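What follows is one structure encoded as structure tokens, with my remarks underneath.
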Amino acid sequence: MESSKKQKIDSQEQLLEFLTKLNEKIISISIHDNIVKIYVASGKTYIFKKQNDQYIKIMERNKNKSKKQNYKTKKGVVKPSFVQKITSSAIILFILASTAKTVNYYANTFETKQALDNEYDLEKSLKEANNDNIISITTTNTIVSSPLKKDETEVYYQNIPIDFEFIQSQRFMKRIETDNLYGNVIENWSERWGTSCNLMKALITQERDEKTLSNPGQLTRNICGEKIILPIINKTKEDIENGKEVDKIYIVREEPKKENYQKEEDYLVQLDLHKKQLEKSKELKQEGYEIILFSNLLGEENCYENVRIAIAFATYSNYRFNDPALGTFAYNAGYNMTKNAQLNDILNGNVGSDYTDKHYLSHVFRFLYPEEATNLKFITKPFPDNWNEMTYEQRNHYMNEEIKNKPYTYTVISLENFKEYNDEKEIGHYTRR
């Protein structure tokens with residue numbers, strides 16, 4: 001065992017020598033799949049690759065420094081995913097993930113691959129070589145056995161820390177009521193689509209009217225006409241028997257009533273939209289889409305279905321941005337307003353309009369328990385970057401065949417400055433409902 005460890009250290013000598021002689025401040029070191037990337041304060045990135053048991057420098061490039069700096073906010077810091085300040089808890093996480101060979105994610109234990117051991121040995125060596133000069137070392141996209149189902153082989157892990165002041169709502173009883181009213185529904189569908197059930201409980205709590213059960217997700221007709229496609233993370237026996245990999249949902253705007261419009265041209269625009277969506281739904285039904293009329297999502301008798309579609313749309317929004325924080329904000333602000341926004345601007349209330357909640361993320365997060373706030377978990381399957389340009393045949397093949405072999409991505413959002421309500425204040429000076 002000792003000789004094996006010694007051999008691993010010896011194979012890293014060039015890399016350690018390079019670090020020792022480097023006269024630049026090291027911002028971050030990323031280790032993944034025999035590739036080591038060293039980010040320095042000047043904006044350069046040094047890339048090493050393991051070849052024949054030796055780490056060889058294969059590239060040196062300049063990179064935009066702003067991507068490696070912390071995003072400044074009024075109340076705190078939003079840290080980029082590849083720059084995480086080393087804390088004792090982070091070091092413990094790496095040690096547990098690497099040496100114990102078991103990691104408990106999502107209440108499941110699974111074995112890590114040998115590559116993770118090698119990465120930890122390298123990480124430890126780099127710290128010892130130049131500990132005073134390194135701000136952070138992260139092992140990114142570590143491959144581990146899937147905790148979700150036996151026929152899958154790998155899952156990628158990433159952490160999104162958000163250091164920003166969030167204070168629990170003084171009206172937290174509303175969250176408790178949400179759990180009692182819709183807890184089972186939220187948990188079932190969140191688990192199916194891999195989204196955080198705790199975040200969905202907080203979102204529904206923020207959205208719902210306390211005086212009525214009608215439209216708890218505050219759904220609007222803006223969701224109509226969207227082709228919602230969601231990979232199934234937790235399959236039923238029926239899904240497995242039918243080889244079903246994704247849920248597909250299409251919501252049709254109900255036929256508008258002329259008396260609800262002051263101008264006839266406005267009525268005709270909405271009528272034309274309804275007809276187009278109705279015609280499209282006939283085509284999509286043949287492709288396996290679940291077709292829903294928007295009016296069937298309203299009313300107290302449809303409150304559970306309303307919550308289900310709210311979770312579906314929030315998860316769909318997360319997929320569109322490949323970021324659960326931005327996706328959650330887009331649930332309220334919409335895609336166009338969110339697509340070019342930065343998270344630090346959103347958190348500081350600098351994004352939105354008179355018709356949206358500029359502090360929506362803070363207002364949702366305030367309905368979390370402290371233990372939930374540090375561990376919001378999401379499990380996703382990747383969609384191709386060129387999804388919008390793919391033909392129907394290419395999409396259909398991907399959804400039914402290729403997606404089976406795609407690895408999971410396991411994302412955790414950690415709110416690092418979350419405070420339990422103390423009767424003094426609530427989310428700065430901003431309240432809603």
Side-chain angles (χ1 to χ4, degrees), residues 63-84 158-167 195-196 199-200 202-207 217-223 225-230 310-368 373 376 378 380 382-383 385-388 409 411-418 427-433:
K63 194 171 183 180
N64 188 343
K65 285 180 64 177
S66 64
K67 291 186 179 181
K68 294 187 292 297
Q69 294 174 335
N70 288 342
Y71 299 113
K72 298 298 182 181
T73 67
K74 293 177 182 176
K75 297 180 183 177
V77 179
V78 182
K79 302 173 185 176
S81 59
F82 60 83
V83 180
Q84 299 180 39
Q158 65 174 344
N159 185 50
I160 302 177
I162 301 178
D163 188 356
F164 191 87
E165 184 180 285
F166 301 102
I167 303 175
T195 197
S196 167
L199 182 61
M200 290 302 100
L203 185 147
I204 295 298
T205 301
Q206 168 62 18
E207 291 291 344
Q218 293 299 305
L219 299 177
T220 71
R221 291 171 180 82
N222 290 331
I223 69 173
E226 292 282 0
K227 290 183 280 188
I228 300 173
I229 302 174
L230 303 172
I311 296 169
F313 192 73
T315 306
Y316 168 71
S317 184
N318 292 345
Y319 269 102
R320 295 185 81 180
F321 289 97
N322 195 29
D323 186 312
L326 292 179
T328 301
F329 182 76
Y331 183 91
N332 176 267
Y335 176 79
N336 290 332
M337 191 167 292
T338 308
K339 64 181 180 180
N340 295 319
Q342 299 297 318
L343 185 56
N344 58 308
D345 291 328
I346 289 173
L347 290 170
N348 281 311
N350 298 326
V351 179
S353 69
D354 293 338
Y355 304 100
T356 64
D357 180 1
K358 293 183 179 181
H359 297 275
Y360 187 71
L361 276 185
S362 294
H363 290 152
V364 170
F365 290 156
R366 65 181 173 165
F367 285 112
L368 294 169
L376 298 173
F378 304 82
T380 55
F383 273 78
D385 293 334
N386 64 332
W387 178 260
N388 292 328
T409 297
T411 303
V412 176
I413 291 182
S414 305
L415 307 182
E416 298 188 342
N417 195 10
F418 186 91
I427 308 297
H429 303 290
Y430 309 107
T431 57
R432 179 174 181 236
R433 280 207 289 275

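As the structure is a computational prediction, the values presented were derived from the model and not from experiment.
- Remark: Phe321 pairs with Tyr335 by the ring pair (Phe, Tyr, Trp, His ring centres under 6.0 Å) rule, at least two apart or across chains.
- If you check the side chains of Gln218 and Tyr331, you find no donor sitting under 3.5 Å from an acceptor.
- Looking only at side-chain heavy atoms (C-beta outward), His359 and Asp357 come within less than 4.5 Å of each other.
- Residues Tyr316 and Ile223 are not in side-chain contact: their nearest non-hydrogen atoms beyond the backbone lie 4.5 Å or more apart.
- Taken from CD in Glu165 to CG in Leu415, the straight-line distance is 12.5 Å, to the nearest 0.5 Å.
- Between Ser317 and Gly327 the shortest heavy-atom distance is OG-O, 2.8 Å.
- Inter-residue side-chain proximity for Phe329 and Val364 is flagged as unmet; no heavy-atom pair is nearer than 4.5 Å.
- The CG atom of Asp345 lies 12.0 Å from the NZ atom of Lys358; values are rounded to the nearest 0.5 Å.
- Atom CG of residue Asn318 and atom OG1 of residue Thr380 lie 9.0 Å apart, to the nearest 0.5 angstrom.
- Atoms CZ and CG, from Phe418 and Leu368 in turn, are 5.5 Å apart once rounded to the nearest 0.5 Å.
- Panel note: side chain Ser353, backbone Tyr355; a donor-acceptor pair is recorded below 3.5 Å.
- Between Phe164 and Leu361 the shortest side-chain heavy-atom distance does not fall below 4.5 Å.
- Interatomic distance, Phe166 CZ to His363 NE2, rounded to the nearest 0.5 Å: 11.0 Å.
- Rounded to the nearest 0.5 angstrom, Met337 CE and Ile346 CD1 are separated by 10.5 Å.
- A donor-acceptor pair under 3.5 Å links the side-chain atoms of Thr315 to the main chain of Ile311, judged by distance alone.
- Residue pairs meeting the salt bridge (Lys or Arg N to Asp or Glu O under 4.0 Å) criterion with at least one partner in residues 318-335, sequence neighbours excluded, are Glu226-Arg320.
- Gly217 and Ile204 get closest at one heavy-atom pair: CA-CD1, 4.1 Å.
- In this structure, Thr356 has no side-chain hydrogen bond (donor to acceptor under 3.5 Å, both in side chains) partners at least two apart in sequence or on a different chain.
- Every residue two or more places apart in sequence or in another chain that forms a side chain to side chain contact (heavy atoms under 4.5 Å, CB included) with Thr220 is listed here: Asn222.
- Take Asn386 and apply the side chain to side chain contact (heavy atoms under 4.5 Å, CB included) test, not counting sequence neighbours, and it matches Pro384, Glu389, Met390.
- Under the 4.5 Å side-chain criterion, counting only non-hydrogen atoms from C-beta, Leu376 is in contact with Phe365.
- Inter-residue side-chain proximity for Tyr319 and Ile228 is flagged as unmet; no heavy-atom pair is nearer than 4.5 Å.
- Here the shortest heavy-atom pairing between Thr338 and Ala333 reads OG1-CB, 3.9 Å.
- Residues passing the side chain to side chain contact (heavy atoms under 4.5 Å, CB included) test with Thr411, sequence neighbours excluded: Gln158, Ile160, Pro324, Phe378, Thr409.
- Closest approach of Ile413 to Ala325, counting heavy atoms only: CD1-N, 3.9 Å.
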